Amino acid sequence: MSSAADISTAVEGLTLQSTSETSKFPNCYPTLNPVDIYREHIAEKLGEAAGIDPIKIYDRLQWTNQLEKGDLTLPVPSLGIKKKPQELAQELVEKFPESDLVEPPTFVGIHMQFFFKTKDLTKTVIERILKDKDAFGTNGNQGLRDPTDPSKGKKKIIVEFSSPNIAKPFHAGHLRSTIIGGFLANLYTVFGWDVIKMNYLGDWGKQYGLLADGYKYFGDEQKLLADPINHLFDVYVKINKIVAEQDGPIKELKEQIKAKKEKNEDCSALQTELDKLVDASEDEKARRYFKSMEDGNEDALALWRRFRDLSIKKYRETYARLNIDFDVYSGESQIKNESMTAAYQTMEKAGVSEQSDGAVIVDFTKHGAKKLGKAIIVRKDGTPLYLTRDIGAITEREEAYHFDKMIYVVAAQQDLHLAQLFKITELMGYKDLAKKCEHINFGMVRGMSTRKGTVKFLDDILHDVADKMHEVMKKNTEKYEQVQDPVKTSDILGITSVMVQDMTGKRINGYDFNLDAMTSFEGDTGPYLQYAHARLCSIVRKSGLDVNDLGSANLDLLTEKHAIDLARTLAQWPDVLLNTTRTLEPTTILTYLFRMTHSLSSSYDVLKVVGSEPEVKLARMALYESARQVLHNGMRVLGLSPVQRM
Ligand code: ARG
């Protein structure tokens, strides 16, 4: 058994640690997670004293959200021993031997409660945090295919997220997908998975024929280069207006023809007129243009490719502000016709699809999935749909990446779409593939717009929130003058505001986009979290101590309840992080961070640094620096950039 984390590596600014130490308990890594030392200890001691298999106990020990309930609890019915729970708990409590690490246990109801002996805990936890730094809480062993044999490699996960549509607004659904997806990618990274971040762009369809067409009238090279996303949207809106204008007379003619037909009157003149109108319409031109794209016409494709490339270039910059860097820019356009054709054939062979009015459909009600209704796979005119491309994509990704898991981060509005996709995958006979896929959904954001009420592109939103934060910062002139790069800082604070607001509730709950509430320092907001971090940085600065000297601190001097409770809370971080891989909810981390920062802010008056005896000062500084480290690590996994000053 080696004594410490052997491997510590950095992946995209996130650090993670692994160990070669093994334990007889599954998922037990005492050198990475201090609480595992206590789990191991309690399981062994209790097992021995009561004649229960320690492995069984180990697994059932739970961490708590409230310190007054203990550091670990054991719900005794979970042991599966045929005895009245109260009696059993009483008996186990009595049998538990004296221990160096934990206080004599107690029981409340059916729960045994274990409180760690604080002197040792404080030491172990703080020393560990100061040593592991950015890697504290991470555990690369979790991502191994075989936890006992690293040579078998890491598990691979594709996180597909953000996925906006070129030349269309980046709406709130894309914003949430970006925030949640970025967080999930970080989470799997710090647990040692091989993570592929994939953006599946909406970049194919007749609308791109229309866009190319519109560009001929309204396009401006300079604007395109300077701001492709806004300019393309502009062009798209303008050309759509023309389509709508042309649509009026066409509809009218169609109705006149219909009326004549009903009366059995001759309508050939009208029909000729209609054909002319349709033929000259932008809509028809767009259809033809897109057809030539589909047929692989290089000229047609070149323009589209330019739009796509320039948009991606711009997106990259915006994503960078959110600490996100995609590994793959895929998209609907990238799905090969062969993959879709192969899928049709498989579906047909498996008896999944059927002909209906010239189209190919899947009737889920015939395949034991009533709720999924029916879905069109191939249109009458032979063209594929959004769903069809996703079917092609899922098989292509399986081929290309051989992943262990794939997550689609998409709004709950598309629940049906993804349920249909996974069901079809299963029905085609790819059961294992379907099982590896998961839809991570989320509710709607209401009222997302900029203050000017203008177009809603991610960039505009972020600028707007940054401006607001800049105003807020300027109000404190003294502090403002000390911030090195206020514009950059206000940008980070703005982004933090948006992200924290988004990650506050459970994913499935929607929320109102509220600029004032999210940028406030009151309540559990982004600025509050950043402030907590900046304040800890300022304590370090003002102490005049070097954080590298904190190792020599005498931690026995941390005797106050505030200090001990803070250390106990910090000890929970690795468990909280691990628990997040089960909930896949950013709020799991956020709730913890707020609980920790509240505990911090009530400590400042009691545990002063400046003005204390040198020894005490050093010990308290070690505690605060540990808190700063954990806050920093939590913020980083969420995708936030902790600031030093604000
Ligand atoms: N571009 C789509 C939209 O804006 C989201 C794509 C979601 N991912 C997928 N594989 N269907 O609605």
Side-chain angles (χ1 to χ4, degrees), residues 157-182 184-185 196-208 211 229 232-233 236 304 307-308 311-312 314-315 318-319 324 326-336 339-340 343 362 372 375-377 384-401 403 405-426 428 430 433-434 436-445 448 455-459 461 507 510 584:
I157 183 170
I158 296 180
V159 184
E160 187 221 272
F161 65 108
S162 196
S163 308
N165 305 319
I166 286 173
K168 293 207 198 143
F170 190 103
H171 57 66
H174 300 126
L175 177 71
R176 289 210 81 182
S177 173
T178 308
I179 294 172
I180 295 166
L184 290 173
I196 297 162
K197 284 167 284 175
M198 183 182 282
N199 201 325
Y200 183 69
L201 298 170
D203 58 358
W204 202 242
K206 198 175 86 179
Q207 65 269 33
Y208 299 100
L211 187 68
I229 292 177
L232 290 176
F233 179 65
Y236 189 65
W304 162 82
F307 293 162
R308 184 182 195 268
S311 300
I312 290 177
K314 180 72 195 168
Y315 273 131
T318 308
Y319 289 131
I324 292 168
F326 282 94
D327 300 301
V328 185
Y329 281 87
S330 174
E332 293 175 38
S333 67
Q334 305 299 301
I335 309 311
K336 297 194 193 76
S339 328
M340 290 188 278
V362 173
L372 301 185
I376 304 177
I377 303 297
L385 293 90
Y386 178 50
L387 178 61
T388 327
R389 293 195 185 277
D390 260 323
I391 299 168
I394 205 171
T395 55
E396 281 186 16
R397 291 177 196 175
E398 166 80 340
E399 282 264 310
Y401 298 101
F403 52 83
K405 194 173 168 71
M406 173 153 67
I407 283 178
Y408 292 78
V409 190
V410 187
Q413 283 151 313
Q414 295 193 29
D415 279 357
L416 179 65
H417 171 77
L418 286 143
Q420 289 179 337
L421 170 63
F422 298 160
K423 190 71 197 175
I424 287 179
T425 305
E426 184 194 310
M428 288 198 299
Y430 307 135
L433 173 57
K436 293 192 289 188
C437 297
E438 188 177 358
H439 177 202
I440 293 294
N441 64 359
F442 50 81
M444 289 233 279
V445 187
M448 185 172 100
V455 198
K456 313 149 186 70
F457 284 106
L458 179 55
D459 229 29
I461 301 271
R507 289 188 330 257
L584 299 182

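Numbering of ligands and ligand atoms starts at 1, following listing order. Just so you know, these numbers come straight off a predicted model, no measurement behind them.
- A distance-only check finds no donor-acceptor pair linking the side chain of N441 to the backbone of A411 [under 3.5 Å].
- Side chains of I180 and F442 form a contact here, defined as non-hydrogen atoms less than 4.5 Å apart.
- Without hydrogens or angle criteria, T388 side chain to L385 main chain gives a donor-acceptor distance under 3.5 Å.
- Within 4.0 Å of ligand 1, counting heavy atoms only, the contacting residues are E160, S163, N165, H174, Y200, Y386, D390, Y408, V410, Q414, H417.
- Closest approach of D203 to S330, counting heavy atoms only: OD2-O, 4.3 Å.
- Between T395 and Y430, the side chains place no donor N or O within less than 3.5 Å of an acceptor N or O (distance only, hydrogens not considered).
- None of Y200, F422, F161 except one satisfies the ring pair (Phe, Tyr, Trp, His ring centres under 6.0 Å) rule with Y408; the exception is F422.
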